[in-house]
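Here is the structure we will look at, set down as structure tokens.
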Amino acid sequence: MRTALIIVDVQNDFCEGGSLAVTGGAAVAAQISEFLEDHHTDYQVVAATQDWHIDPGSHFSDDPDFVSSWPVHCVAETEGAETHSNFDTDYVTEFFRKGAYDAAYSGFEGLSAPDVDVPMGEDPEDADEERISLDDWLQEHDIEAVDVVGLALDYCVQATAKDAVDAGYETRVLLPLTAPVAKESGEGATAELADAGVAVVEHLD
């Protein structure tokens, strides 16, 4: 079965020291890199998503509730939006940016960034017509199944995996390569993913 790895939002602001840090985020970044080194040949393509906010409205708040509103994070063209240094992007086939003007938790809301080899740099105006959705890109590569990893389990990983199932892909979340915003919500997300038809892999070979 032709399979893709989707790496969700392994960015500075979601790791220790960032404006919306997830405990264990930097370690997850390193573990994903190790996994890629050992398993990149298991995948036909590797996609990496990025929050890339410009003006996402009520998603940003000076008084966030940490449920539907959040501190300012992953602003386009800032260090916080860059991929974390522990995340080796050599095996990434394509980056997908999401959330310019909305929350966009799911990677399936993102568009490709074909103009850059690394995830920073302003898109030239003439690149817009070349940008495609994650789903269209996966279909172009005849992908049938996806593995989802990254940050954070209880928000963007969960949303991406659910959308993958809805789009018709056989979907797994590799739990050791994720971290939640909070333990309780992470446990809830794991249960919801299983109910949605996502295979939650708790141990890696």
Side-chain angles (χ1 to χ4, degrees), residues 1-11 14 29 32-33 35-54 56 74 76-77 81-84 87-153 155-174 177-178 193 196-201 204:
M1 183 172 289
R2 291 179 62 82
T3 305
L5 179 66
I6 302 175
I7 303 167
V8 178
D9 299 359
V10 183
Q11 295 168 264
F14 295 136
I32 289 171
S33 295
F35 178 81
L36 272 172
E37 185 64 37
D38 294 338
H39 294 279
H40 63 273
T41 57
D42 296 346
Y43 300 99
Q44 275 63 50
V45 290
V46 177
T49 73
Q50 292 173 278
D51 262 9
W52 198 254
H53 295 307
I54 296 173
C74 296
E77 307 297 341
E82 292 184 37
T83 53
H84 192 271
F87 173 29
D88 184 349
T89 62
D90 285 351
Y91 294 113
V92 174
T93 315
E94 190 74 79
F95 287 93
F96 292 82
R97 294 173 177 159
K98 59 189 176 68
Y101 299 102
D102 54 13
Y105 291 103
S106 172
F108 282 83
E109 298 177 75
L111 293 174
S112 62
D115 55 296
V116 290
D117 294 323
V118 294
M120 294 297 290
E122 185 174 356
D123 297 343
E125 293 180 3
D126 60 0
D128 287 346
E129 62 186 31
E130 301 174 18
R131 303 181 73 193
I132 64 172
S133 70
L134 176 57
D135 187 28
D136 287 344
W137 183 79
L138 292 171
Q139 290 184 44
E140 283 187 358
H141 290 278
D142 298 319
I143 297 302
E144 303 164 279
V146 298
D147 288 347
V148 185
V149 303
L151 303 170
L153 169 63
Y155 288 92
C156 294
V157 170
Q158 180 181 13
T160 301
K162 283 185 171 182
D163 278 355
V165 169
D166 289 344
Y169 300 100
E170 186 172 313
T171 305
R172 305 191 307 171
V173 166
L174 309 185
L177 302 181
T178 70
L193 286 166
V198 176
V200 178
V201 178
L204 300 177

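Just so you know, these numbers use all the heavy atoms, side chains as well, and skip hydrogens, waters and symmetry mates. The shown structure was predicted, so the numbers you read here are calculated from the model rather than taken from an experiment.
For the side-chain contact (heavy atoms from CB on, under 4.5 Å) test, no residue two or more places apart in sequence or in another chain qualifies with Asp38. For Phe87, there are no ring pair (Phe, Tyr, Trp, His ring centres under 6.0 Å) partners at least two apart in sequence or on another chain. His141 meets the side chain to side chain donor-acceptor pair (under 3.5 Å) test with Trp137; sequence neighbours excluded. Evaluation of the side-chain contact (heavy atoms from CB on, under 4.5 Å) rule for Ala152 yields Val22, Asp154, Val181 as partners, not counting sequence neighbours. Legend: residues meeting side chain to side chain donor-acceptor pair (under 3.5 Å) with Thr171, ordered by chain and number and at least two apart, are absent. Judged as a side chain to side chain donor-acceptor pair (under 3.5 Å), and not counting sequence neighbours, the contacts of Glu37 are Tyr91. With sequence neighbours left out, Lys162 forms a salt bridge (charged side-chain N to carboxylate O under 4.0 Å, His left out) with Glu192. With sequence neighbours left out, the ring pair (Phe, Tyr, Trp, His ring centres under 6.0 Å) criterion links His84 to no other residue. In this structure Phe35 satisfies the ring pair (Phe, Tyr, Trp, His ring centres under 6.0 Å) test together with His39, sequence neighbours excluded. Take Tyr43 and apply the ring pair (Phe, Tyr, Trp, His ring centres under 6.0 Å) test, not counting sequence neighbours, and it matches no residue.
Other residues, nucleotides and ligands contribute more than 12 heavy atoms inside 6.0 Å of the CD atom of Gln139.
For Ser33 against Asp88, the heavy-atom pair with the smallest separation is OG-N, 2.7 Å.
Residues Val8 and Thr178 have side chains not in contact (no heavy-atom distance under 4.5 Å, counting atoms from C-beta outward). Put simply, the side chain of Ile7 reaches to within 4.5 Å of the side chain of Leu36, judged on heavy atoms. Residues Trp52 and Glu77 are in side-chain contact: their nearest non-hydrogen atoms beyond the backbone lie under 4.5 Å apart.
Pairs engaging residues 40-50 under the salt bridge (Lys or Arg N to Asp or Glu O under 4.0 Å) rule: none recorded [sequence neighbours left out]. Sorted by first and then second residue, the salt bridge (Lys or Arg N to Asp or Glu O under 4.0 Å) pairs with a member in residues 137-150 read Asp147-Arg172; sequence neighbours excluded.
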Exercise for the section: Evaluate side-chain contact (heavy atoms from CB on, under 4.5 Å) for Phe96 paired with Lys98, printing each intermediate quantity in order. Expected result: CA-CA 7 Å; Phe96 292 82; Lys98 59 189 176 68; over 6 Å; no
Practice task
Decide side-chain contact (heavy atoms from CB on, under 4.5 Å) for Val198 and Val148; before the verdict, give the C-alpha distance in whole Å, the side-chain angles of both, and the deciding distance to 0.1 Å.
Solution key: CA-CA 10 Å; Val198 176; Val148 185; over 6 Å; no
Problem - Pair Leu138-Phe108, side-chain contact (heavy atoms from CB on, under 4.5 Å): steps then yes or no - result: CA-CA 10 Å; Leu138 292 171; Phe108 282 83; 4.0 Å; yes
